[in-house]
Number of protein chains: 2
Amino acid sequence: MEDGKLTVRAVERALDIMLCFTGASELTLTEIATRVQLHKSTVHRLLASLEGKGFIMRDEATDKYRLGYRLWELSANLSKEGDPGIILLPEMERLRDQLGETISLYVQDGLVRVRIQAVQSNHAIRRVAPVGARMPLYVGASSKVLVAFAEPGLLEQLLTSADWPTGLDTQAYLQQLSDTRRAGFATSVEEREPGAAAVSAPILDRGGRLVAALAVSGPANRLTLELMQEQAPTIMEAARRMGTMLR
Amino acid sequence: MEDGKLTVRAVERALDIMLCFTGASELTLTEIATRVQLHKSTVHRLLASLEGKGFIMRDEATDKYRLGYRLWELSANLSKEGDPGIILLPEMERLRDQLGETISLYVQDGLVRVRIQAVQSNHAIRRVAPVGARMPLYVGASSKVLVAFAEPGLLEQLLTSADWPTGLDTQAYLQQLSDTRRAGFATSVEEREPGAAAVSAPILDRGGRLVAALAVSGPANRLTLELMQEQAPTIMEAARRMGTMLR
DNA sequence: AACAAGGTTTCATATAGTGAAACAGTTTGG
DNA sequence: CCAAACTGTTTCACTATATGAAACCTTGTT
């Protein structure tokens, strides 16, 4: 073996298959096979193994493959008291009540970010934030946080990606990332969405590794840059507390 | 290969390793090796593969292995709109408001059940139901539901388990299970816990497979057998609706 | 009916995963 | 303080085991 990684190929392939399902909830065998660049029979055997253990299931109606509920069971063991999405909810609600704006939780997933949990602002005019929404990783406050605190490889991947917006000033972007790392939070004003603004801070686990980005977002006329900078310490403190809840 | 299962051994082993973490949040390599009956070096390689893809991580402090946050990401893709534990919450709250008692969600996990979500009753005297709690699978309304609607293999495993209570009347127990299957719900009065009673109904996915048990529980003097039987249709209907939310 | 387009199984081949044993770090404890 | 007893990690020869091409089923479509 050349690469020096003491690892088992079949397992990595099986895990890659599971990762195909981020962004696509149902896939056929051949769709999976083309995505992971393997032959149908290989994928079929790996899927059979995954299905046997409940990590993958098949939709009765469409006969397509989807993720299995075993994953839900396991994710309940991630933190002290169960599912992180549930654990962090009270803290998010507290922050919402304190700041009055919509609170979201994002994780990086490949070259996009996913909104994994959200509590809505009580204002009449508010950002609507559906859980499960996927958005690009190159604009927005949470994107900056997710990239700035991620493993170094991600940035490189992003910059060389075909989706990278050609009009963007790379120098300025890299500066923003290092600013984010230093300050411990990021802001954005009408970056991803006209009329919207956001502040975001990283949630880190005990080892200091990035788990998710906590974000406060709302209309740009209410969330001015000054206000967001004023609120940043509160948000960072909430994110820190949330990190400790995940063990 | 003898068993006729067209499957990949290394992958099954890796998945078994992940399943070790139901019930134990942190494990050392050797602990895992003894649990799955494999040699250290094999487990080490499998763990390296799992860790590389984010399915397993290591606690910086203790250096023990634990589940990785990649599982959380994936579990958010299980249902249409994200994490099932979050999706089902509104429906559970509605049921709580309607019936006034504590609502819980259980999944079967090996030979125990795990409370994976709960909303508390508003009564002064109420069952306290911490999320993440694990309890035996041989008593209580939800246990009956989980066993009655599970794959047939589970019952056999339970009956031959060392933990099976010797004093229990197996005939009567099997009768209760078939009653549960027929009626579509189960009740329990002071079975697992003195002074407590519960009604439970299965949440099934589209394919009719068991996903979780929905339970209403409270003090036995408030939740009489008659009242529970009266409430059963409401609970079964809620469970049915919750099933459809999971696709 | 014949044809696609998906999924499933078979089978020869050599790659790729295996476990014993040796190595390297830590903590225990006498 | 050194030895013993744990951990986790790496090496290596062996062959069991996963692999992909191709053949074979099931579907639904024209």
Side-chain angles (χ1 to χ4, degrees), chain A residues 1-21 24-68 206-207 209 247, chain B residues 1-21 24-68 206-207 209 247:
Chain A
M1 201 178 282
E2 288 297 308
D3 48 346
K5 301 175 74 182
L6 284 307
T7 183
V8 12
R9 194 183 56 166
V11 172
E12 294 196 312
R13 288 175 165 184
L15 299 178
D16 282 336
I17 286 177
M18 281 205 262
L19 294 176
C20 286
F21 289 89
S25 61
E26 286 189 344
L27 292 169
T28 70
L29 186 143
T30 31
E31 278 171 344
I32 298 170
T34 54
R35 288 193 188 214
V36 296
Q37 299 273 49
L38 292 171
H39 293 256
K40 283 194 303 178
S41 53
T42 306
V43 173
H44 182 257
R45 250 174 293 117
L46 295 172
L47 279 170
S49 313
L50 289 164
E51 193 181 356
K53 300 283 176 186
F55 286 79
I56 290 278
M57 54 190 269
R58 305 185 69 167
D59 194 304
E60 294 288 306
T62 64
D63 224 52
K64 289 183 172 183
Y65 292 91
R66 41 185 18 269
L67 294 173
R206 283 230 181 127
R209 272 169 313 217
R247 283 223 189 212
Chain B
M1 200 178 283
E2 288 297 307
D3 48 345
K5 301 175 76 183
L6 284 307
T7 184
V8 179
R9 193 183 57 165
V11 172
E12 295 196 312
R13 289 175 165 186
L15 300 178
D16 283 336
I17 286 177
M18 281 205 263
L19 294 176
C20 285
F21 289 89
S25 60
E26 286 188 343
L27 291 170
T28 69
L29 186 145
T30 31
E31 278 171 346
I32 298 169
T34 54
R35 287 193 188 212
V36 297
Q37 300 272 51
L38 292 172
H39 292 258
K40 283 192 303 178
S41 52
T42 306
V43 173
H44 183 257
R45 251 174 291 117
L46 294 171
L47 280 171
S49 313
L50 290 164
E51 194 181 356
K53 299 284 177 187
F55 285 80
I56 290 278
M57 54 190 269
R58 304 184 68 167
D59 194 303
E60 294 287 305
T62 64
D63 224 52
K64 289 182 169 183
Y65 292 91
R66 44 185 14 271
L67 294 172
R206 284 232 181 126
R209 273 169 313 218
R247 282 220 189 215

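Within every chain, numbering begins at 1; the chains are lettered A, B, ... in the order of the sequence lines, protein sequences first and strands thereafter.
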- Query: Which residue, L27(B) or R9(A), contacts DNA chain D at a nucleotide closer to its 5' end, judged by nearest heavy atom?
  - Reply: L27(B)

- May I ask you to test the L19(B)-F55(A) pair for a side-chain heavy-atom distance under 4.5 Å? yes

- Between dC11(C) and dT15(C) - C1' atom distance, rounded Å: 16 Å

- Note on the structure: Assign each of R45(B) and T30(B) the nucleotide of DNA chain D bearing its closest heavy atom; nearer the 5' end lies the nucleotide of T30(B)

- Query: If the sugar-phosphate is the primed atoms plus P, OP1 and OP2 and the base is the rest, what is the B/S/- string for nucleotides 25-30 of chain D, using protein heavy atoms under 4.0 Å?
  - Reply: ------

- Query: I32(A) CD1 to dT8(C) P: how many Å, rounded?
  - Reply: 11 Å

- Query: What is the distance from CD of E12(B) to P of dA18(D), rounded to the nearest Å?
  - Reply: 9 Å

- Results of side chain to side chain donor-acceptor pair (under 3.5 Å) for T28(B) - residues two or more places apart only: T30(B)

- Using atom CD of E26(B) as one end and atom C1' of dT7(D) as the other, report the distance to the nearest whole Å. 15 Å

- Message: Without decimals, in angstroms, what is the distance between L38(B) CG and dT17(D) C1'?
- Response: 15 Å

- 5'-most contact on DNA chain C (nearest-nucleotide basis), T28(A) vs S41(B), goes to T28(A)

- Query: Is any side-chain N or O of R58(A) closer than 4.0 Å to OP1 or OP2 of dT8(C)?
  - Reply: yes

- For Q37(B) and dT18(C), what is the distance between atoms CD and P respectively, to the nearest whole Å? 16 Å

- Item | Heavy-atom pair with the smallest gap, counting every atom of T7(A) and S49(B) | OG1-OG, 2.7 Å

- Pairwise P distance, dT27(D) and dA23(D) [rounded to whole Å]: 23 Å

- Atom CG of L47(A) and atom P of dT8(C) are separated, to the nearest Å, by 9 Å

- Query: Can a side chain N or O of T42(B) be found less than 4.0 Å away from OP1 or OP2 on dT18(C)?
  - Reply: no

- Message: Is the phosphate of dT9(D) approached by H44(B) (side-chain N or O, under 4.0 Å from OP1 or OP2)?
- Response: yes

- Provide, to the nearest angstrom, the distance between the CG atom belonging to L29(A) and the P atom belonging to dG6(C). 10 Å

- Query: Can you list every salt bridge (charged side-chain N to carboxylate O under 4.0 Å, His left out) pair that touches residues 47-57 of chain A, not counting sequence neighbours?
  - Reply: K53(A)-D16(B)

- Step by step, work out the side-chain contact (heavy atoms from CB on, under 4.5 Å) result for H44(A) and L29(A). CA-CA 7 Å; H44(A) 182 257; L29(A) 186 143; 3.6 Å; yes

- Query: Where do A10(A) and V8(B) come nearest, in terms of heavy atoms and distance?
  - Reply: CB-CG1, 3.9 Å

- Item | Any side-chain heavy-atom pair of V43(B) and K40(B) under 4.5 Å | no

- Query: Within this structure, what is the NZ-to-C1' distance between K40(B) and dG17(C), rounded to whole angstrom?
  - Reply: 18 Å

